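Structure record follows, encoded as structure tokens.
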Amino acid sequence: MAQNDGKSIQLATSKGGVEVLTIANDVAQGADQPCRRAWIYSPTGNNDAYYNHGATADADDYLLLEGVEIELPISNTNQINIYGTDGDKIYVRWYG
């Protein structure tokens, strides 16, 4: 898995972008952005955050490690569901 400092997220193409998800009421969901691939990143200093594909996330889902970016082969960023601590931010880079 690639490491990322959260400051070097850049667009590599005009067919991509970045979403910043802010957790509120324990959850966050990606916007409705069609894509072919996305990467999610929980910055160092965040509390535990969990990811689920397509369904509401909770503390039994995939733990996002701080400072580690994971790649997701998805068709829309609205399939990204996060559970975590209010106010924490999760970064989503999408392409496609």
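A quick note: this is a predicted structure, and the numbers were derived from the prediction, not measured.
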Looking at Val92, Ile80, Asn78, Thr77, which hits side chain to side chain contact (heavy atoms under 4.5 Å, CB included) with Gln33? Thr77
Applying side chain to side chain contact (heavy atoms under 4.5 Å, CB included) between Ser42 and each of Ile82, Asp88, Leu64, report the one that passes. Leu64
[atom1]/[X] to [atom2]/[Y] distance, rounded to the nearest 0.5 angstrom?
| X | Y | atom1 | atom2 | value |
| --- | --- | --- | --- | --- |
| Asp60 | Tyr83 | CG | OH | 9.5 Å |
| Arg93 | Cys35 | CZ | SG | 12.0 Å |
| Gln79 | Ile74 | CD | CD1 | 5.5 Å |
| Ile23 | Asp86 | CD1 | CG | 7.5 Å |

Nearest heavy atoms of [X] and [Y], plus distance in Å:
| X | Y | value |
| --- | --- | --- |
| Pro73 | Arg37 | CB-NH1, 3.7 Å |
| Ala49 | Ile90 | CB-CD1, 4.0 Å |
| Tyr41 | Glu69 | CD1-N, 4.0 Å |
| Val18 | Trp94 | N-NE1, 3.8 Å |
| Ile40 | Tyr51 | CD1-CD1, 3.7 Å |
| Glu66 | Gly45 | OE1-N, 2.8 Å |

Are side-chain heavy atoms of Trp39 and Tyr95 found at a separation under 4.5 Å? yes
Got Tyr62 and Ile70 here, is their nearest side-chain heavy-atom distance under 4.5 Å? yes
Among side-chain atoms of Asp32 and Asn76, is any donor-acceptor pair under 3.5 angstrom? yes
If only atom types and distance count, is the side chain of Asn81 paired as donor or acceptor with the main-chain N or O of Ala57 below 3.5 Å? no
